[in-house]
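Remarks on the structure that follows.
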Amino acid sequence: MAGKPKLYYFDGRGKMESIRWLLAAAGVEFEEEFLETREQYEKLLQGGSLLFQQVPMVEIDGMKMVQSRAIANYIATKYNLYGKDLKERALIDMYVGGTDDLMGFLLTFPYLSAEDKEKQRAVIVEKATSRYFPAYEKVLKDHGQDFLVGNHFSWADVHLLEAILMVEEKKSDVLSGFPQLQAFKARISSIPTIKKFLQPGSQRKPISSDKYVETVRRVLRMYYDMKAN
Amino acid sequence: MSGKPRLTYLNGRGRMEPVRWLLAAAGVEFEENFLETREQYEKLIKDGVLMFQQVPLVEIDGMKMVQTRAILSYIAGKYNLYGKDLKERALIDMYVEGITDLMQMILMFPFSPPETKEKNIDSIKERATNRYFPVFEKVLKQHGQDFLVGNKFSWADVQLIEAILAVEEKIPAVLSGFPQLQAFKKRMSNMPTIKKFLQPGSPRKPPPDECYVETVLKIFKK
């Protein structure tokens, strides 16, 4: 029986991707079970594995954890990516909260109509460049260190890199005007575990396709329209 | 200058209410700075105290904290309401996150169009009684203890009692069918710090009304 964490989710990014990033950054190997049919999902439900009837779910250290934030908190602490004390954890939580909010706009994106996608793309770029990126640019500029918190690699760095790359997929030059973040992106991308995760063949998932959206809708019976923010 | 935490938000529940609950439950006195005008908000932004240009803002231990979850985690950690080890924290986090999803529906409710309000109450009732309350009913039944995690009062208990009372305001009989939660509600309500918070004159805020909604839109709408 493997000691590896096992991730239960769709074969796509969604709310599981940040967890894949975090495990990969920590150098932790993990297994995945992909939900493809309604029957699989109902089986998980009937088995009582999903505390609130939802995925993500991660089997780790004898627990069936749900709620992506709880899962990420646990992994970050276990693998020393959560700062050295309560105050560093507070900073990491604040920074991750911001990147989470930014990623929230990206999460619903694949489910929008073509027309709403165009609107949302503009919203994402606007929020990134006027609210979120300036905040992190300032943090890095003010302390001049390589990492966001405590001069030490943490979950906050992993999450910010993930957010940067996702926004760049919507507008490739979005970091122009943010020299600190450009340098940060280069630095964090070259950390060995992250570099490995960014290479083809890793467990990193691609941008959500229409086929992926169709699978999620079918498995969750989630046929209502999502709205742009 | 006091050492008390200072909360900056509107004079209403919104996203700050869980913070008020948690500080009160921990027996921590705090000050409040109420946002009433757009000018006040714009000044906060100009002064650079809102990292992401948003409230809640809590000034505590020399930090200007934003992001509700970060604030709550810090308070829970500081006042020993976050379990005794990593695994207890994992449980508390799972429970808190689930309850937060339910509370999100309540948070958004005042801002929904009038014609959707009845449907939204039905959704809240459905989620509370089919998804969230059964989980905590089962947790309490299985271990038979007074508190959700580790036989000790924690952030999860505070979050749950807040949610129960908030849902009951919309659906008064919502706890019928949940005897463990009824007993839990009574127990929590009788804890000295919570009992005090539930009395008139405490910092607890009333349910949002039209005036509150108007203030939110006036201050934050672009």
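The structure displayed is predicted, hence computed values, not measured ones. The figures here come from the full heavy-atom set of this structure, side chains too, leaving out hydrogens, waters and symmetry mates. Residue numbers start from 1 in every chain, and the chains themselves are labelled A, B, ... in the order their sequence lines are given, proteins ahead of strands.
Going from atom CE of A/Met65 over to atom CG of B/Leu91 covers 7.5 Å, rounded to the nearest 0.5 Å. Rounding to the nearest 0.5 Å gives a distance of 9.5 Å between CG of B/Leu50 and CZ of A/Arg131. With rounding to the nearest 0.5 Å, the separation of OH in A/Tyr95 from CZ in B/Phe52 is 8.0 Å. Rounded to the nearest 0.5 angstrom, B/Arg69 CZ and A/Asn73 CG are separated by 8.0 Å.
Counting heavy-atom pairs closer than 4.5 Å to chain A, the top-ranked of the candidates B/Met94, B/Met51, B/Lys138 is B/Met94. The residue among B/Gly98, B/Gly62, B/Gly48 with the most heavy atom pairs within less than 4.5 Å of chain A is B/Gly98. Of the listed residues A/Ile92, A/Thr77, A/Ile71, the one with more heavy-atom pairs under 4.5 angstrom with chain B than any other is A/Thr77.
B/Lys78 contributes no side-chain N or O that, together with a main-chain N or O of A/Leu86, makes up a donor-acceptor pair within less than 3.5 Å. The main-chain N or O of A/Val96 is never found under 3.5 Å from a side-chain atom of B/Gln67 such that the two would form a donor-acceptor pair. A/Gln67 places no side-chain N or O within 3.5 Å of a backbone atom of B/Val96 that could act as its donor or acceptor partner.
The nearest pair of heavy atoms linking A/Gln53 to B/Asn130 is NE2-O, 3.1 Å. Residues A/Ala90 and B/Ala70 approach most closely at O-CB, 4.2 Å, considering heavy atoms. In terms of heavy-atom proximity, A/Arg89 sits nearest to B/Ser73 at NH2-O, 4.1 Å.
Atom NZ of A/Lys15 has 12 or fewer neighbouring heavy atoms from other residues, nucleotides or ligands inside a 6.0 Å radius. No more than 12 heavy atoms of other residues, nucleotides or ligands sit less than 6.0 Å from atom NZ of A/Lys185. No more than 12 heavy atoms of other residues, nucleotides or ligands sit less than 6.0 Å from atom CD of A/Glu29. Within 6.0 Å of NZ in A/Lys43 there are 12 or fewer heavy atoms belonging to other residues, nucleotides or ligands. Annotation for A/Glu115: atom CD does not count as buried by contact number, only 12 or fewer foreign heavy atoms lying within 6.0 Å. Other residues, nucleotides and ligands contribute at most 12 non-hydrogen atoms within 6.0 Å of the NZ atom of B/Lys43. The environment of B/Lys117 atom NZ is dense: over 12 non-hydrogen atoms of other residues, nucleotides or ligands sit within 6.0 angstrom. Atom NZ of B/Lys87 is surrounded by more than 12 heavy atoms from other residues, nucleotides or ligands within 6.0 Å.
The closest side-chain heavy-atom distance from A/Gln54 to B/Arg131 is below 4.5 Å. Under the 4.5 Å side-chain criterion, counting only non-hydrogen atoms from C-beta, A/Asp93 is not in contact with B/Met65.
With a 4.5 Å cut-off on non-hydrogen atoms, B/Val135 touches chain A through its side chain but not through its backbone. Proximity to chain A is limited to the side chain of B/Met63, based on heavy atoms less than 4.5 angstrom apart. With a 4.5 Å cut-off on non-hydrogen atoms, A/Asp101 touches chain B through its side chain but not through its backbone. With a 4.5 angstrom heavy-atom cutoff, A/Phe133 does not touch chain B via any of its atoms. Using a 4.5 Å cut-off between heavy atoms, A/Lys138 makes no contact with chain B at all.
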Give the table of side-chain donor-acceptor pairs shorter than 3.5 Å for residues 14-23 of chain B, with sequence neighbours excluded, one pair per line with atom names and distance.
{"unit_1": "B/Glu17", "atom_1": "OE1", "unit_2": "B/Arg20", "atom_2": "NH1", "d": "2.7"}
{"unit_1": "B/Glu17", "atom_1": "OE2", "unit_2": "B/Lys205", "atom_2": "N", "d": "3.1"}
{"unit_1": "B/Arg20", "atom_1": "NE", "unit_2": "B/Glu32", "atom_2": "OE1", "d": "2.9"}
{"unit_1": "B/Arg20", "atom_1": "NH1", "unit_2": "B/Gly12", "atom_2": "O", "d": "2.8"}
{"unit_1": "B/Arg20", "atom_1": "NH1", "unit_2": "B/Arg13", "atom_2": "O", "d": "3.4"}
{"unit_1": "B/Arg20", "atom_1": "NH2", "unit_2": "B/Leu10", "atom_2": "O", "d": "3.3"}
{"unit_1": "B/Arg20", "atom_1": "NH2", "unit_2": "B/Gly12", "atom_2": "O", "d": "3.1"}
{"unit_1": "B/Arg20", "atom_1": "NH2", "unit_2": "B/Glu32", "atom_2": "OE1", "d": "3.3"}

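With ring centers used as reference points, B/Tyr95 lies 6.0 Å or more from A/Phe52.
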